[in-house]
Amino acid sequence: MKLAIDAMGGDNAPGAIVEGTVRAAEAFPDLEFILVGDRARIEPLLSEHRHIDILHTTEKIEGTDAPVKAVRSKKQASMVLAVQEVREKRCAAAISAGNTGALMASGLFGVGRIKGIDRPALAPTLPTIHENKGFLFLDVGANAETKPENMLQYALMGSIYAEKIMHRSNPRIGLLNIGEEPGKGNELTKKAYQLLSEAPVNFIGNVESRELLQGPADVIVADGFSGNLVLKSIEGTAMSLINLLKETLGGSLYTKVLTGLMYGKLKSIKNRMDYSAYGGALLFGLSAPVIKVHGAAKSEAVFTAIKQAKLLVEEDVVGIIEETIHDKDHTWLNSKV
């Protein structure tokens, strides 16, 4: 198995990307890698390793670039070439910490959608207060405009992922809404609720955003607009809380001593809520695995995303989704979409 890694995407590229890839190459000797990016910047960070090649390019897509325009005009960009390696079947999956919109556009133009999937979804796995019990959250921004039928497809894809990759038996599927009652929400969520209730997934009903980190479901389905708002709110709250703790606990000798005594407990909380332990966000609905790593990701997150990609390919998650979508026995799905 060979994976294509965009070495130039993200705030900490190429250092964190190369470091995470080298660690993965050592941990998984059966894997091979292509690091796509500026050879002059990558090679000094890369000790000799027979499982890692470099595809040289100096062009990259910036975080401020307009996604579609950048993908069309920067055809030699590291991200675009990484996805192209997958399209040409030279690699099984692509990973990037670069511009999210550009990666989605690269995936759509490059590997294309699974036939029958109308709109791909961006799906990270987020931590909860329960150790090793994160939840898959989709869509978190791939589509600002969403139809109920899209959310039905998200639930189906998410259920397969949760079972095969997260190892959840009979995964619980929840619908993000403003209340738990079936009649809550706007027309979109009401119709989505009806469709999910009829689908052959373990639908547990509506879930409010305040409950998400309690882990009420294995998969949370949302329209892209609401999902992105909630994701950014969670990120912002976490960052503000961390800054507040640093300010409070580092203010005096007393609090510094207290922090030292509590270091083990504080570190345990930090590790439990660390997003990097869950890998990157999968672009669900594409015909090959493409994974988006957080832009501020460090080497640990890159390493975990590589493990995630390895599992996706080994478990043939994309193939199972495609087979399920096309299965003529799923008359419920064919009639809805």
Side-chain angles (χ1 to χ4, degrees), residues 1-10 13-14 17-43 45-61 70-100 102-115 117 120 165 279-293 302-322:
M1 188 192 306
K2 183 177 284 188
L3 305 179
I5 316 292
D6 171 15
M8 310 311 293
I17 311 300
V18 174
E19 184 180 340
T21 303
V22 169
R23 181 182 167 193
E26 293 170 349
F28 309 113
D30 56 325
L31 289 183
E32 296 182 10
F33 302 91
I34 295 179
L35 284 169
V36 187
D38 188 346
R39 182 181 296 274
R41 296 184 63 191
I42 296 171
E43 276 190 337
L45 305 170
L46 187 65
S47 56
E48 274 191 35
H49 208 296
R50 62 189 179 89
H51 295 302
I52 302 177
D53 296 322
I54 298 174
L55 176 59
H56 175 68
T57 182
T58 56
E59 193 167 45
K60 62 174 288 190
I61 293 176
V71 171
R72 286 176 172 166
S73 62
K74 295 184 174 182
K75 298 187 182 299
Q76 295 301 306
S78 56
M79 177 191 294
V80 175
L81 292 181
V83 173
Q84 186 174 314
E85 289 296 301
V86 178
R87 184 185 66 191
E88 299 296 333
K89 309 297 184 183
R90 292 188 287 268
C91 289
I95 298 171
S96 176
N99 185 309
T100 302
L103 185 60
M104 176 61 80
S106 295
L108 285 170
F109 296 156
V111 300
R113 293 175 298 191
I114 294 173
K115 185 177 180 182
I117 296 295
I165 304 301
L282 181 65
L283 302 186
F284 270 104
L286 298 182
S287 60
V290 177
I291 295 175
K292 169 66 174 76
V293 185
V302 176
F303 173 75
T304 311
I306 289 171
K307 286 200 299 182
Q308 180 185 17
K310 181 176 182 290
L311 269 175
L312 282 165
V313 177
E314 288 175 343
E315 295 290 341
D316 191 26
V317 170
V318 171
I320 293 172
I321 291 173
E322 192 166 13

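Position 1 is the first residue of the sequence, and the numbers go up from there.
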Nearest-0.5 Å distance that lies between atom [atom1] in [X] and atom [atom2] in [Y]:
{"X": "Asp316", "Y": "Ile321", "atom1": "CG", "atom2": "CD1", "result": "9.5 Å"}
{"X": "Leu283", "Y": "Thr100", "atom1": "CG", "atom2": "OG1", "result": "8.5 Å"}
{"X": "Thr21", "Y": "Ile5", "atom1": "OG1", "atom2": "CD1", "result": "4.5 Å"}

Test item: [X] and [Y] side chains (from C-beta on) under 4.5 Å apart, heavy atoms:
{"X": "Leu312", "Y": "Val318", "answer": "no"}
{"X": "Leu81", "Y": "Gln76", "answer": "yes"}
{"X": "Val302", "Y": "Ile95", "answer": "no"}
{"X": "Leu31", "Y": "His51", "answer": "no"}
{"X": "Pro289", "Y": "Val317", "answer": "no"}

Check: For Phe33, which residues count as a ring pair (Phe, Tyr, Trp, His ring centres under 6.0 Å) partner, sequence neighbours excluded?
Finding: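 Expected list: none.
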Notebook entry, point to check: Hey, mind stepping through Asp30 and Lys310 against side chain to side chain contact (heavy atoms under 4.5 Å, CB included) and telling me if it holds?
Noted result: CA-CA 10 Å; Asp30 56 325; Lys310 181 176 182 290; 3.8 Å; yes
Going by side-chain hydrogen bond (donor to acceptor under 3.5 Å, both in side chains), name the residues that satisfy it together with [X], two or more places apart in sequence or in a different chain.
{"X": "Arg113", "result": "none"}
{"X": "Lys2", "result": "none"}
{"X": "Gln84", "result": "none"}

Compare every heavy atom of [Y] with every heavy atom of [X], then report the nearest pair and how far apart it is.
{"X": "Ala7", "Y": "Ala13", "result": "O-CB, 3.3 Å"}
{"X": "Ala94", "Y": "Ala82", "result": "CB-O, 3.9 Å"}
{"X": "Ile61", "Y": "Ala70", "result": "CG2-CB, 4.0 Å"}

Next item on the list: Hey, could you give me each pair passing salt bridge (Lys or Arg N to Asp or Glu O under 4.0 Å) that has a residue in residues 83-98? Not counting sequence neighbours.
Entry: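 Salt bridge (Lys or Arg N to Asp or Glu O under 4.0 Å) check on residues 83-98 returns Glu85-Arg90.
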Note to self: Under the rule for salt bridge (Lys or Arg N to Asp or Glu O under 4.0 Å), what residues qualify as partners of Glu19, not counting sequence neighbours?
What the structure shows: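 For Glu19, no residue satisfies salt bridge (Lys or Arg N to Asp or Glu O under 4.0 Å) once neighbours in sequence are set aside.
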Next item on the list: Go through the steps for Met1 and Glu314 under the test side chain to side chain contact (heavy atoms under 4.5 Å, CB included), then give the verdict.
Entry: CA-CA 9 Å; Met1 188 192 306; Glu314 288 175 343; 3.8 Å; yes
Next item on the list: Could you walk me through whether Ile17 and Asp6 pass side chain to side chain contact (heavy atoms under 4.5 Å, CB included), step by step?
Entry: CA-CA 8 Å; Ile17 311 300; Asp6 171 15; over 6 Å; no
Next item on the list: Apply the test side chain to side chain contact (heavy atoms under 4.5 Å, CB included) to residues Asp38 and His56: give CA-CA distance (whole Å), side-chain angles for both, the deciding distance (0.1 Å), then the verdict.
Entry: CA-CA 5 Å; Asp38 188 346; His56 175 68; 3.6 Å; yes
